[in-house]
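For clarity, every value in this text was computed on a predicted model and none was experimentally measured. All heavy atoms count here, side chains included; hydrogens, waters and symmetry mates do not.
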Amino acid sequence: MVNVSLPARSGNVISHGAAYRANVLEFTVDQPKISADVLLSAMEQAIDPMVVIDEHNCIIFFNAAAERIWGLSRAQVMGQNVSCLVPQADRAQHDSYINRNRETGIGRIVGTSREVEFRRANGEYVCGELSISRVQLDETDGIYYIAVMKDVTEQSRQRKILILQNDVLQALASDLSVQEVGDQLCRRVDGFVPGGVAALMTFDEARKVVVTSSPGMPARYRSALDSMQVTPEQIEAMRHDPGCSNTVVWDGYSSLARSLGLVGCRSSAIISRSGQVVGIFALYLRDDEPSQVWPERVVSTCMPFCALAIEQNETRQHIAQLSNFDSLTGLLNRTSLHNIIERLIMRGGDSQFSLFMVDIDRFRDINDALGHVNADRFLIEIGRRIRALVNDEYIVSRSGGDEFIIVVPDCSHQRAEQFAEKLINSIAKPLQVGENTLSISCCVGISTFPENGPDSESLLSLADAAARQAKEDGRGLYRFAGHEKNQVAQERLMLGSALRDSLAKGMLNLHYQPQVETMTGGLYGVEALSRWHHPTLGNIYPSRFIAVAEDTGQIEAIGRWSLQEACGQMVKWDRDGVHVPTVAVNLSAVHFRNRALPEYIANLLKHHNLTPDRLTVEITESVMMDNSTDTEDVLHAIRRLDVGLSMDDFGTGYSSLSRLTRLPLTEIKIDRSFINDFEQDTNAQAVTMAVIGIGSRLGMTVVTEGVETEQQWRLLEELHCDVMQGYLFAKPLPPAELEKWFRERQEQGSFLIPTKV
């Protein structure tokens with residue numbers, strides 16, 4: 001129970017002294033009563049500002065703490081409408097907010113607390129935490145409001161600083177550009193400093209100002225600052241005193257600024273970690289603040305973050321430079337060249353261009369004779385000579401070594417000939433390198449789009465082939481792709497490009513040819529064989545595309561793909577109840593020079609949860625004859641995994657029996673060439689019998705390929721050949737067909753059943 005009796009009022013103002021004592025404001029809380037004098041004295045001495053308004057929204061109490069926070073005396077506000085204390089923008093509507101609460105009891109502030117910003121009488125911004133209580137008087141309809149304000153200016157500013165720091169750090173971590181980081185920073189500062197206009201400015205290579213970010217800056221002022229020249233003296237002064245940056249971004253432009261509503265500026269030079277002046281952060285003010293503490297604090301807080309954003313941007317540009325340009329000549333590197341050519345191709349329409357591959361003659365001799373340092377100087381000068389010949393729209397690249405590439409748009413055949421001659425003549429001028437005068441010559445290969453290929457790889461490969469042809473024909477020559485002598489090489493290169501695309505798109509597949517045990521009729525395993533069907537080129541024989549893969553450096557990728565695909569298929573067959581004991585995968589000699597191959601195979605088996613005996617790796621005789629330590633170490637490491645090792649096509653090359661005994665082989669495969677006339681050729685029978693005998697004595701399984709007739713089968717059975725493989729039992733089958741073949745033979749109780757033709 002609260003009993004409130006208000007003192008007499010005169011002109012809506014509570015009088016002091018006697019009036020308080022004559023009329024008692026009483027609060028009864030189960031007794032005793034508190035006198036008005038005691039209560040008002042306590043409110044007066046409260047450390048937090050307190051304001052009371054009556055039913056007419058007029059101020060009837062205003063303590064000393066309120067005088068301090070608003071900068072207004074009691075005499076100035078007592079009896080005045082409370083709107084004189086609220087921010088200017090809210091004054092017109094303030095009475096309506098209070099009246100609505102009187103009528104409905106609903107309000108945004110009453111009964112809660114909120115943070116508000118307002119100006120002191122001297123114009124200084126203050127942040128306070130405001131709480132308002134609604135008081136209903138006993139036995140009257142009058143509703144009074146008591147407001148308590150707590151000064152939280154410093155806490156609010158500290159929180160804003162933390163928000164600012166967090167925003168910028170998140171922006172930097174998100175790998176945004178320096179302009180995007182600057183935009184976030186400036187917008188946040190504009191919101192934190194009333195009337196503030198933040199600006200991030202950087203310097204270009206010529207020390208001209210670039211307004212990188214300032215969303216709130218008037219366009220005329222931005223135009224005035226952009227491209228302003230900063231003198232070396234100003235840079236040096238800012239390096240020693242960052243605050244003197246105002247002389248650059250304000251002193252010479254203050255008249256224009258004031259005409260646009262800007263009355264002041266606080267700024268700081270941005271200093272990098274190396275001590276260099278890399279920009280300026282400025283905070284322009286639309287209001288004449290009596291205290292500059294807060295604007296200066298915001299500027300000093302932003303400066304290191306701006307430095308970090310600029311340094312990050314420079315680092316990103318440096319990385320881009322390294323990734324896109326040749327570090328020696330400054331020309332585009334091969335990766336960038338590919339990207340640009342692909343963009344030219346994607347333009348469509350009548351897009352056409354010529355690509356010139358420049359190959360310096362005898363560069364290896366120059367490198368050996370002069371050393372790497374002088375050879376580098378030689379290449380730099382060649383790059384300069386080429387740049388001196390080209391127009392701005394030409395693209396120039398150094399693709400590595402002594403090869404330079406120029407792409408010329410809209411280039412006719414006649415124009416290409418003229419440009420090639422200019423290239424050859426310009427490069428042929430004598431060149432002084434150190435104490436040596438060099439006579440130089442070069443060859444140029446030319447390919448054109450769209451005539452010579454659908455993609456960058458084809459165009460570059462064909463230009464390279466044409467350059468090699470020019471070098472074969474003599475020095476100082478050029479050749480166009482499409483020359484008859486180059487036709488075979490060009491076809492091979494185009495096939496290589498198509499193979500690369502097919503491999504990337506998963507257009508290769510594996511077929512599996514069964515291997516059957518001669519004496520038991522059981523399934524010994526399958527050999528995985530690569531197949532390629534191209535949507536436009538059709539079926540391409542393995543003998544053709546494997547050779548192309550070796551020439552174009554794609555054979556390792558095909559080998560890894562074959563291992564992955566075969567292991568994955570074994571898991572699928574196991575899941576479907578088709579037990580294939582082992583799968584044999586052919587690998588090229590290149591694979592066995594890679595010491596990482598055994599670990600790759602081990603990880604692959606572990607990933608698919610296959611035991612090592614489920615995989616056999618087939619090697620060729622070229623691997624067998626390779627005397628390198630790497631190859632032998634890799635073969636022994638694979639065998640230590642318990643993975644099988646098979647010698648494929650044994651007897652077709654220069655097999656050495658001594659090498660056969662030293663290598664950790666588990667299997668020998670007799671080439672099909674011995675079986676072709678096996679029934680009539682006694683010599684072939686003798687050699688086959690000898691190989692079977694050698695394999696048996698060395699503890700190796702002998703597999704005979706190319707078995708096509710029942711007579712061959714019976715002869716091999718008599719010779720005690722371990723395993724047979726050939727069209728007599730099954731051709732190489734896709735996975736689904738092999739599964740069908742397996743189930744049919746399983747039902748019949750033997751896999752040693754000729755296939756019906």
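- Side chains of Asp95 and Asn81 form a contact here, defined as non-hydrogen atoms less than 4.5 Å apart.
- Leu200 is listed as a side-chain neighbour of Ile270, based on a closest heavy-atom distance under 4.5 Å.
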Exercise. Arg134 and Ile146: side-chain contact (heavy atoms from CB on, under 4.5 Å), yes or no, with the steps?
Worked result: CA-CA 7 Å; Arg134 172 185 164 118; Ile146 301 174; over 6 Å; no

Problem set entry | Trace of the side-chain contact (heavy atoms from CB on, under 4.5 Å) decision for Val51 with Trp70 | CA-CA 11 Å; Val51 181; Trp70 268 282; 4.0 Å; yes

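- Counting all heavy atoms, side chain and backbone alike, Val407 lies closest to Pro409 at O-CD, 3.7 Å.
- Closest approach of Leu260 and Pro218 over heavy atoms only: CD1-CB, 4.0 Å.
- Of the possible donor and acceptor atoms, one in the side chain of Arg120 sits under 3.5 Å from a partner among the backbone N and O of Ile69.
- Salt-bridge annotation for Arg377 and Glu381: absent, with no side-chain N of the basic residue lying under 4.0 Å from a carboxylate O of the acidic one.
- Around atom CZ of Arg207, more than 12 heavy atoms belonging to other residues, nucleotides or ligands sit under 6.0 Å away.
- Using a 4.0 Å cut-off between charged side-chain N and carboxylate O, Arg159 and Glu154 make no salt bridge.
- Between the side chain of Ser223 and the backbone N or O of Ala219, at least one donor-acceptor pair lies under 3.5 Å.
- Considering only heavy atoms from C-beta on, His94 comes within 4.5 Å of Val82 through its side chain.
- Formation of a donor-acceptor pair under 3.5 Å by the Asp204 side chain with backbone atoms of Val210 is not found in this model.
- Using a cut-off of 4.0 Å between Lys/Arg side-chain N and Asp/Glu carboxylate O, Arg273 and Glu311 are scored as salt-bridged.
- For the pair Pro242 and Val277, the minimum side-chain heavy-atom distance is 4.5 Å or more.
- To the nearest 0.5 Å, atoms CG (Asp48) and CE (Met149) are separated by 10.5 Å.
- Of all the heavy atoms in Cys306 and Leu185, the pair that sits closest is SG-CD2, 3.4 Å.
- Here the side chains of Tyr253 and Val249 are not in contact, with every heavy-atom distance at 4.5 Å or above.
- Glu342 contributes a side-chain N or O that, together with a main-chain N or O of Ser456, makes up a donor-acceptor pair within less than 3.5 Å.
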Problem set entry | Chi angles and distances behind the side-chain hydrogen bond (donor to acceptor under 3.5 Å, both in side chains) call for Tyr145, Asn101 | CA-CA 11 Å; Tyr145 293 90; Asn101 182 262; 2.6 Å; yes

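- The closest side-chain heavy-atom distance from Leu85 to Leu72 is below 4.5 Å.
- When atom types are taken as modelled, the side chain of Asn246 and the backbone of Ser268 share no donor-acceptor pair closer than 3.5 angstrom.
- Asn63 places a side-chain N or O within donor-acceptor distance of the main-chain N or O of Met50, the cut-off being under 3.5 Å.
- With hydrogens and angles ignored, the 3.5 Å screen pairs no side-chain donor or acceptor of Glu67 with any backbone N or O of Ser73.
- No close placement of the Trp294 and Phe192 rings is indicated, their centers lying 6.0 Å or farther apart.
- Residues Arg157 and Tyr125 come closest through the heavy atom pair NH2-O, 3.9 Å.
- Arg188 meets the salt bridge (charged side-chain N to carboxylate O under 4.0 Å, His left out) test with Asp167; sequence neighbours excluded.
- For the residue pair Phe62 and Glu44, the shortest heavy atom distance occurs at O-OE1, 4.4 Å.
- Remark: side-chain polar atoms of Ser300 are paired, donor with acceptor, to backbone N or O of Glu296 under 3.5 angstrom.
- Under the 4.5 Å side-chain criterion, counting only non-hydrogen atoms from C-beta, Ser214 is in contact with Arg222.
- Contact record, Gly279 with Phe203: N-CE1, 3.8 Å, taken as the closest heavy-atom pair.
- Classification of the Tyr221-Tyr284 ring pair by plane angle, with boundaries at 30° and 60°, yields perpendicular.
- Judged purely by atom type and a 3.5 angstrom limit, Ser397 has no side-chain atom pairing as donor or acceptor with the backbone of Ile405.
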Exercise. Is there a side-chain hydrogen bond (donor to acceptor under 3.5 Å, both in side chains) between Ser96 and Asn99 once you walk through the steps?
Worked result: CA-CA 5 Å; Ser96 65; Asn99 294 336; over 6 Å; no

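- The residues Lys160 and Glu117 are annotated as salt-bridged, a charged nitrogen and a carboxylate oxygen being separated by less than 4.0 angstrom.
- Counting heavy atoms from C-beta on, the side chains of Glu403 and Arg398 never come closer than 4.5 Å.
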For this session: Go through the steps to decide whether Thr202 and Val278 satisfy the test side-chain contact (heavy atoms from CB on, under 4.5 Å), and finish with yes or no.
Result: CA-CA 6 Å; Thr202 56; Val278 293; over 6 Å; no

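- Looking at Ser267, its side chain never comes within 3.5 Å of a backbone N or O of Ala282 through a donor-acceptor pair.
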For this session: Please lay out, stage by stage, how Glu457 and His338 fare under the test side-chain contact (heavy atoms from CB on, under 4.5 Å).
Result: CA-CA 8 Å; Glu457 191 63 43; His338 271 290; 3.2 Å; yes

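- Here the straight-line distance linking atom CD of Glu55 with atom CD1 of Ile143 works out to 9.5 Å at 0.5 Å rounding.
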